[in-house]
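I have placed the structure first, in the form of structure tokens, so that the comments after it can refer back to it.
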Amino acid sequence: LPAYKPVLSADRKEFRLSIFNLLENTCYEYRVIGKNSRQQGFFTTSSADVPVAENIVLTPENFKNHLVISRSGSPDGYIRYTAKPGTVLDAQGRKYGIFIKGKYMIFDGLTIKNAEWDGIRLEGANNIIIRNCDISHFGRVGVFRKGKLGRFYEGKTLLNQDSGIWILNSSHILVEKCFVHDCNGHANAWFYVHPAGPKAMSAKHAA
């Protein structure tokens, strides 16, 4: 089956593309044909069914308006964070609801509200599953500045990319069946320029 044509990333001098509609835990053969080269091989997609070694139930008492997690599970046993149905984890204006630095963790069925910047933020994390989470009322509001291309500012700071889920310098991240909605801020209209503002999910690898 043909994939999408790759796009040249000039800064890293590499071609990139996305491949969709693959089945999980399945081996695929790939072939890449260039003007003067041809490569082929195999890869296997990850499985969403992973072993769980420990379950941690979050409550407003142990959440304490935000949570910074740096401990890790292992490939043989993920750490699963969950909450009882109806539990609301209220960040109450803290910068992040949950800040994740570790590895091999699952965040399942969490309702997170009122983070100042991001509902869930990952930095340098890998092998993380975020599923069935409800994230809302995140992000800064700012002030509309018509003379600044109609964008929203907090003082001199342009507000851009406050996210329900922010993924930075991380890999092997699965996000599925989540509902990210009702952010606090606004984006400028296309009338001015490309919109800057809050997003449901952001992903970036900083050089």
Side-chain angles (χ1 to χ4, degrees), residues 1-53 72-82 98 100-112 118-136 138-139 160-183 187 190 193-207:
L1 298 174
Y4 285 95
K5 291 184 178 180
V7 176
L8 177 64
S9 175
D11 58 337
R12 295 183 179 273
K13 297 181 180 179
E14 64 186 14
F15 285 97
R16 298 178 180 178
L17 76 157
S18 297
I19 304 176
F20 298 96
N21 299 320
L22 300 183
L23 299 175
E24 66 178 66
N25 196 30
T26 302
C27 182
Y28 288 91
E29 182 179 8
Y30 70 88
R31 182 169 60 213
V32 182
I33 302 174
K35 289 184 178 180
N36 301 308
S37 65
R38 176 190 179 107
Q39 297 184 30
Q40 66 185 74
F42 297 89
F43 68 90
T44 301
T45 54
S46 300
S47 173
D49 185 16
V50 297
V52 175
S72 298
S74 72
D76 298 323
Y78 281 58
I79 301 173
R80 178 175 178 263
Y81 291 84
T82 187
I98 298 179
I100 304 167
K101 296 181 178 180
K103 307 174 182 179
Y104 302 104
M105 290 180 282
I106 303 171
F107 298 85
D108 190 359
L110 304 180
T111 298
I112 303 170
D118 311 316
I120 297 177
R121 184 178 180 93
L122 297 83
E123 286 194 13
N126 65 66
N127 291 281
I128 305 295
I129 297 173
I130 301 172
R131 62 162 59 109
N132 302 318
C133 290
D134 185 310
I135 303 170
S136 66
F138 58 90
N160 190 25
Q161 295 187 336
D162 290 353
S163 302
I165 302 171
W166 221 124
I167 303 170
L168 178 64
N169 294 340
S170 300
S171 63
H172 295 86
I173 309 300
L174 171 62
V175 179
E176 62 178 1
K177 302 177 183 178
C178 292
F179 183 30
V180 183
H181 60 102
D182 292 306
C183 56
W190 274 103
V193 71
H194 189 291
K199 300 168 67 176
M201 185 165 68
S202 299
K204 182 178 180 181
H205 180 78

>> Using a 6.0 Å cut-off, check whether atom NE2 of His181 has over 12 heavy atoms from anything other than its own residue.
In response: yes
>> So Thr44 and Thr26, do their side chains get closer than 4.5 Å, heavy atoms only?
In response: no
> Would you say the side chain of Ile106 lies within less than 4.5 Å of the side chain of Thr82, judging by non-hydrogen atoms?
Replying inline: no
>> Would you say that Ile135 contacts Ile165 through its side chain, given a criterion of any heavy-atom pair below 4.5 Å between the two side chains?
In response: yes
>> Using side chain to side chain contact (heavy atoms under 4.5 Å, CB included), reason through Ile120 and Ile112 one step at a time and then give a plain yes or no.
In response: CA-CA 8 Å; Ile120 297 177; Ile112 303 170; 3.6 Å; yes
> Is there a donor-acceptor pair under 3.5 Å between the side chain of Ser72 and the backbone N or O of Lys103?
Replying inline: yes
> Are any side-chain N or O atoms of Asp182 and backbone N or O atoms of Ser136, one a donor and one an acceptor, separated by less than 3.5 Å?
Replying inline: no
>> Within the 4.5 Å heavy-atom criterion, are Arg16 and Val7 side-chain neighbours or not?
In response: no
> Once the angle between the rings of Tyr28 and Phe43 is folded into 0 to 90°, is it parallel (under 30°), tilted (30 to 60°) or perpendicular (over 60°)?
Replying inline: parallel
> Between the side chains of Ser9 and Asp11, is a donor N or O closer than 3.5 angstrom to an acceptor N or O?
Replying inline: yes
> Is the side chain of Ser163 donor-acceptor paired with the backbone N or O of Asp118 at a distance under 3.5 Å, no angle test?
Replying inline: no
>> When you compare the side chain of Tyr4 with that of Ser18, does any pair of heavy atoms fall below 4.5 Å?
In response: no
> Do the non-hydrogen side-chain atoms of Glu123 and Asn169 ever get within less than 4.5 Å of each other?
Replying inline: no
> Is Arg31 paired with Glu29 through a side-chain N to carboxylate O contact shorter than 4.0 Å?
Replying inline: no
> Between the main-chain N or O of Gln161 and the side-chain N or O of Trp166, is there a donor-acceptor pair closer than 3.5 Å?
Replying inline: yes
> When you check the gap from the basic side-chain N to the acidic O, do Arg131 and Glu176 get nearer than 4.0 Å?
Replying inline: yes
